Amino acid sequence: KAGVTQTPRYLIKTRGQQVTLSCSPISGHRSVSWYQQTPGQGLQFLFEYFSETQRNKGNFPGRFSGRQFSNSRSEMNVSTLELGDSALYLCASSLTLGAKDTQYFGPGTRLTVL
Amino acid sequence: SQQGEEDPQALSIQEGENATMNCSYKTSINNLQWYRQNSGRGLVHLILIRSNEREKHSGRLRVTLDTSKKSSSLLITASRAADTASYFCAYLTGSARQLTFGSGTQLTVLP
């Protein structure tokens, strides 16, 4: 099976712009989660989708949003970019995010905001 | 979000030695997973242990879980230079649909 894929792998934007990141989960996985990783804050949860519904959201401002499509692919959007949004954004997929389910991560999208 | 804690923050050992990393958390959990990350890349899943399990093995990896102490440990035996990476624990709680990550341990294995 192909792993979790994320596009693009690298992105450079300027403050005030918006960005859309894409994630394709492992075939058959219906849960997709997004995380932000920074040196200062570590790995922080953004949101989780299952069957096109957002089931949980982390403590991030409304500028961060996401969605999931019927084929389980997911996108996250960040509007009005700030310097502090520079980070590695990781997507993860699992069957259902249940107790037995491993969460598999993609390679990440490195976002740099200038 | 509340993070788990890992210790040590950094560990440097010689090839062939064993490496032990510890993780502590504060809530009841459904499972706990360990991941490896090489230099800012994606997370590679190592092992999952469920809350009703006490120990699991996978190759050179041994994970223990003590739910009474809310702690887990990852042991890597006979370490290799290729094991150099950051290691994270992450736990899934019953109500939250999210993994909460520990702060990570940076392991350096010297040849």
Side-chain angles (χ1 to χ4, degrees), chain A residues 3-7 9-10 23 25-26 29-51 53-60 66 68 86-112, chain B residues 1-7 9-10 21 23-25 27-53 56 58 61 63 65 67 72 74 85-106:
Chain A
V4 179
T5 58
Q6 291 186 246
T7 56
R9 293 291 310 278
Y10 302 92
C23 171
I26 291 171
H29 285 192
R30 295 165 67 189
S31 168
V32 174
S33 299
W34 289 88
Y35 295 84
Q36 181 197 64
Q37 186 178 28
T38 59
Q41 300 297 317
L43 280 147
Q44 293 191 290
F45 171 76
L46 282 157
F47 23 66
E48 189 259 353
Y49 288 88
F50 180 81
S51 292
T53 299
Q54 185 182 88
R55 295 196 294 189
N56 196 12
K57 188 177 193 304
N59 292 327
F60 279 82
Q68 185 182 35
S86 294
L88 181 67
Y89 290 88
L90 293 162
C91 167
S93 78
S94 70
L95 283 169
T96 65
L97 201 55
K100 302 179 192 178
D101 297 336
T102 295
Q103 202 166 43
Y104 295 95
F105 282 78
T109 294
R110 171 76 60 184
L111 172 65
T112 302
Chain B
S1 58
Q2 222 172 14
Q3 287 191 329
E5 293 185 6
E6 289 185 59
D7 75 271
Q9 286 190 330
M21 288 157 265
C23 169
S24 61
Y25 54 91
T27 65
S28 61
I29 63 172
N30 286 342
N31 68 41
L32 189 142
Q33 305 181 47
W34 284 90
Y35 290 87
R36 184 184 76 228
Q37 185 178 40
N38 289 86
S39 190
R41 297 184 183 177
L43 296 166
V44 175
H45 185 263
L46 297 176
I47 200 162
L48 179 153
I49 186 164
R50 296 181 62 184
S51 60
N52 60 353
E53 298 174 309
K56 282 191 84 169
S58 176
L61 305 179
V63 167
L65 179 65
T67 53
S72 174
L74 170 68
S86 293
Y87 290 82
F88 294 90
C89 68
Y91 53 89
L92 184 72
T93 58
S95 56
R97 297 288 185 177
Q98 68 182 78
L99 284 182
T100 301
F101 279 84
S103 48
T105 294
Q106 173 60 52

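Protein chains get the first letters and strands the later ones, always in sequence-line order, with residue 1 at the start of each. Treat the numbers as computed from the prediction; the structure is a model and nothing was measured.
- Side-chain contact between A:Q37 and B:F88: present, with at least one pair of heavy atoms (C-beta onward) separated by less than 4.5 Å.
- Interface summary for chain B: among A:D101, A:T102, A:V4, the most heavy-atom pairs under 4.5 angstrom belong to A:T102.
- Neither the backbone nor the side chain of A:T109 comes within contact range of chain B, judged by heavy atoms closer than 4.5 Å.
- Under the salt bridge (charged side-chain N to carboxylate O under 4.0 Å, His left out) criterion, no residue pair touches residues 42-51 of chain B, with sequence neighbours excluded.
- In this structure, A:L46 CG and B:Q98 CD are separated by 10.5 Å, a value rounded to the nearest 0.5 Å.
- In this structure, OH on B:Y35 lies 10.5 Å from CG on A:L43, to the nearest 0.5 angstrom.
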Show your reasoning for whether side chain to side chain contact (heavy atoms under 4.5 Å, CB included) applies to B:R41 and A:L90. CA-CA 9 Å; B:R41 297 184 183 177; A:L90 293 162; over 6 Å; no
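- Going from atom CG of B:L43 over to atom OH of A:Y35 covers 9.5 Å, rounded to the nearest 0.5 Å.
- Rounding to the nearest 0.5 Å places CD of B:Q33 at 6.5 Å from CD of A:Q103.
- Neither the backbone nor the side chain of A:R9 comes within contact range of chain B; no heavy atom of the residue lies under 4.5 Å from a heavy atom of that chain.
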